[in-house]
2 protein chains.
Amino acid sequence: MYGARVPPLWTNTVASHREEVRRTITEAAWSLATRHGPMSVTMSQVATEAGIGRATLYKYFPDVESILHAYHERHVVEHLARLSQLRDAAVGPKRRLEAVAAGYAQICHHRTGHGNVDLVALVHQADRVSEAEKQLVALVEETLADAVAKGVVRADNPVEELALYLVHALGAAQNLRSKAAVQRLVTVTLGALDHRHPRPATD
Amino acid sequence: MYGARVPPLWTNTVASHREEVRRTITEAAWSLATRHGPMSVTMSQVATEAGIGRATLYKYFPDVESILHAYHERHVVEHLARLSQLRDAAVGPKRRLEAVAAGYAQICHHRTGHGNVDLVALVHQADRVSEAEKQLVALVEETLADAVAKGVVRADNPVEELALYLVHALGAAQNLRSKAAVQRLVTVTLGALDHRHPRPATD
DNA sequence: CGGCATCGATACATGGTGTCACCTCCACGA
DNA sequence: TCGTGGAGGTGACACCATGTATCGATGCCG
């Protein structure tokens, strides 16, 4: 389902079962973390929740942090695919930027209900930022850079900084209630990127 | 240093010592968390690092999460005081908003070096948002509301949403390197709040 | 059909957890 | 000044989580 990872004809029964178990484990751990807080999750609890032996669990993951990290990684990959699709479906740099921004805001918004937002931050352990996440930031940066080159986004700031601004600002969507509010957030956030900035001060 | 909290003549030896120990404990725990990750911090480690008995530690805090939470709370109180001061020192709603925004960005920026950023998110455990933090958001909302009332900030969005946008966007400062970059971030972020928004689409 | 490898569970040594009873020492009143 | 109350600090204890080693079971491959 998430793509074959070994040469064809070799991913039949064993590997698929292992992936199934991995999925069960990660979801069980995430469920526990959202319910009782990430600090209190133990390997024993995860094993019980997943319905496997505790020793077996250690053959899949070394500790709780790795499990949560794997869960997060899987979802980031999904989001990356979705954003790529949204970007490619839109025409023109402005539309593409809007599509990616709106898509990212939606993703953040959906995190509100089905899980503790702060868990995401937890898995961002120090330097352990995942490869998929770098790709995600890279996607945003590319889209932005294109928009800057076409003159629809202000060029007076480094693209990396604008991308950082964009991602953080849109992350506020996770605290919003309605979809309308998310739409307003996207509009406001993109407004700051307008090529007609900066403006003369009114004071 | 942090202001007397009991009626005068009553904060002599015992209470001050207790506060001293609390401070030592919280800083020891934060140090461990930044070094080895928050998931691996144990009460035993904290007790050893703080130089007290493990049983004594339980007379101050029930678990690791509470310790980290207390550390964070103390700093939020400091930040709140600083932002209040900045706001009161500035004249006019526009200047006040700029001062508060710049101050908050600086605070986020300073978190980069001396500690893992994600720890902050960790202590935001679910519904356990601290009172001081609510006050901080309230401060931002008040400043924004005043600016909206005076016509220097766009009025086509709810103030709570704009405050959320502002705080999240400025939070990007923690990933920036230079002070100049932080200044650019503040400018870009505040640009979206300009009262001359929304603009006609160019497409 | 039998070797082979991997999966899964019980067993055990180690270390963290939470909580006593007990000790020490400051604060206050006679 | 001194004794007593009460609060802080500590060692000890029982319990649980951890990580690993060993063993039986199951399915793939020649």
Side-chain angles (χ1 to χ4, degrees), chain A residues 4-71 122 125, chain B residues 4-71 122 125:
Chain A
R5 300 164 13 203
V6 287
L9 291 179
W10 250 96
T11 172
N12 262 332
T13 53
V14 174
S16 68
H17 172 65
R18 205 171 164 78
E19 269 308 300
E20 177 105 10
V21 174
R22 273 181 71 94
R23 197 183 178 81
T24 304
I25 291 172
T26 52
E27 287 176 359
W30 195 265
S31 170
L32 285 170
T34 53
R35 275 183 289 168
H36 311 309
M39 306 279 289
S40 68
V41 179
T42 70
M43 293 291 271
S44 302
Q45 287 175 357
V46 174
T48 303
E49 182 90 1
I52 63 176
R54 195 171 56 84
T56 304
L57 179 58
Y58 280 95
K59 299 210 171 177
Y60 285 86
F61 295 98
D63 50 32
V64 177
E65 193 179 319
S66 301
I67 305 177
L68 264 35
H69 191 75
Y71 180 92
L122 177 64
Q125 261 301 81
Chain B
R5 298 164 15 199
V6 289
L9 293 178
W10 250 95
T11 171
N12 264 331
T13 53
V14 174
S16 67
H17 173 65
R18 202 169 168 80
E19 268 309 300
E20 176 107 8
V21 175
R22 272 182 71 94
R23 198 182 178 82
T24 304
I25 291 172
T26 53
E27 287 176 359
W30 195 265
S31 171
L32 286 170
T34 55
R35 276 183 288 167
H36 312 308
M39 306 279 291
S40 68
V41 179
T42 70
M43 292 291 271
S44 301
Q45 288 175 357
V46 174
T48 302
E49 181 91 1
I52 63 176
R54 196 172 55 84
T56 305
L57 179 56
Y58 280 95
K59 298 212 170 179
Y60 285 84
F61 296 99
D63 50 33
V64 177
E65 192 179 320
S66 301
I67 304 177
L68 264 36
H69 191 75
Y71 181 92
L122 177 64
Q125 261 299 81

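A, B, ... follow the sequence lines: proteins, then strands. Residue 1 opens every chain.
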Round to a whole Å and report the spacing from [atom1] of [X] to [atom2] of [N].
X     : N      : atom1 : atom2 : value
B:R22 : D:dA7  : CZ    : C1'   : 16 Å
B:I25 : D:dG8  : CD1   : P     : 12 Å
A:I52 : C:dA9  : CD1   : P     : 7 Å
B:L32 : C:dG16 : CG    : C1'   : 14 Å
B:K59 : C:dC23 : NZ    : P     : 14 Å
B:E65 : C:dT17 : CD    : P     : 14 Å
A:E20 : C:dC7  : CD    : C1'   : 15 Å
A:R18 : C:dT6  : CZ    : C1'   : 9 Å

Side-chain donor-acceptor pairs of residues 37-48 of chain A under 3.5 Å, sequence neighbours excluded:
| from | atom 1 | to | atom 2 | distance (Å) |
| --- | --- | --- | --- | --- |
| A:S40 | OG | A:H36 | O | 2.9 |
| A:S40 | OG | A:G37 | O | 3.2 |
| A:T42 | OG1 | A:Q45 | N | 3.1 |
| A:T48 | OG1 | A:S44 | O | 3.0 |

Practice problem: Taking the side chain as every heavy atom from C-beta outward, state whether A:W30 and A:T26 have any pair of such atoms under 4.5 Å apart. | Solution: no
Practice problem: Would you give a per-nucleotide map of nucleotides 12-19 of chain D, 5' to 3', where B means the base has a protein non-hydrogen atom under 4.0 Å away, S means only the sugar-phosphate does, and - means neither? | Solution: B----SBB
Self-check item: Full working for side-chain contact (heavy atoms from CB on, under 4.5 Å) between B:E27 and B:R23
Solution: CA-CA 6 Å; B:E27 287 176 359; B:R23 198 182 178 82; 3.7 Å; yes
Quiz item: Think A:T56 has a side-chain N or O under 4.0 angstrom from the OP1 or OP2 of C:dA9?
Solution: yes
Quiz item: Looking only at heavy atoms, which two atoms of A:R18 and A:K59 are closest? And how far apart?
Solution: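 Shortest heavy-atom separation between A:R18 and A:K59 comes out as NH2-O, 3.0 Å.
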Practice problem: List in chain and number order the residues that pass salt bridge (charged side-chain N to carboxylate O under 4.0 Å, His left out) with B:R22, two or more places apart in sequence or in another chain; answer none if no residue qualifies. | Solution: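 Salt bridge (charged side-chain N to carboxylate O under 4.0 Å, His left out) list for B:R22, sorted by chain: B:E19.
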Self-check item: Point-to-point distance, once rounded to the nearest 0.5 Å, from CD1 of B:I52 to OG1 of B:T24
Solution: 8.5 Å
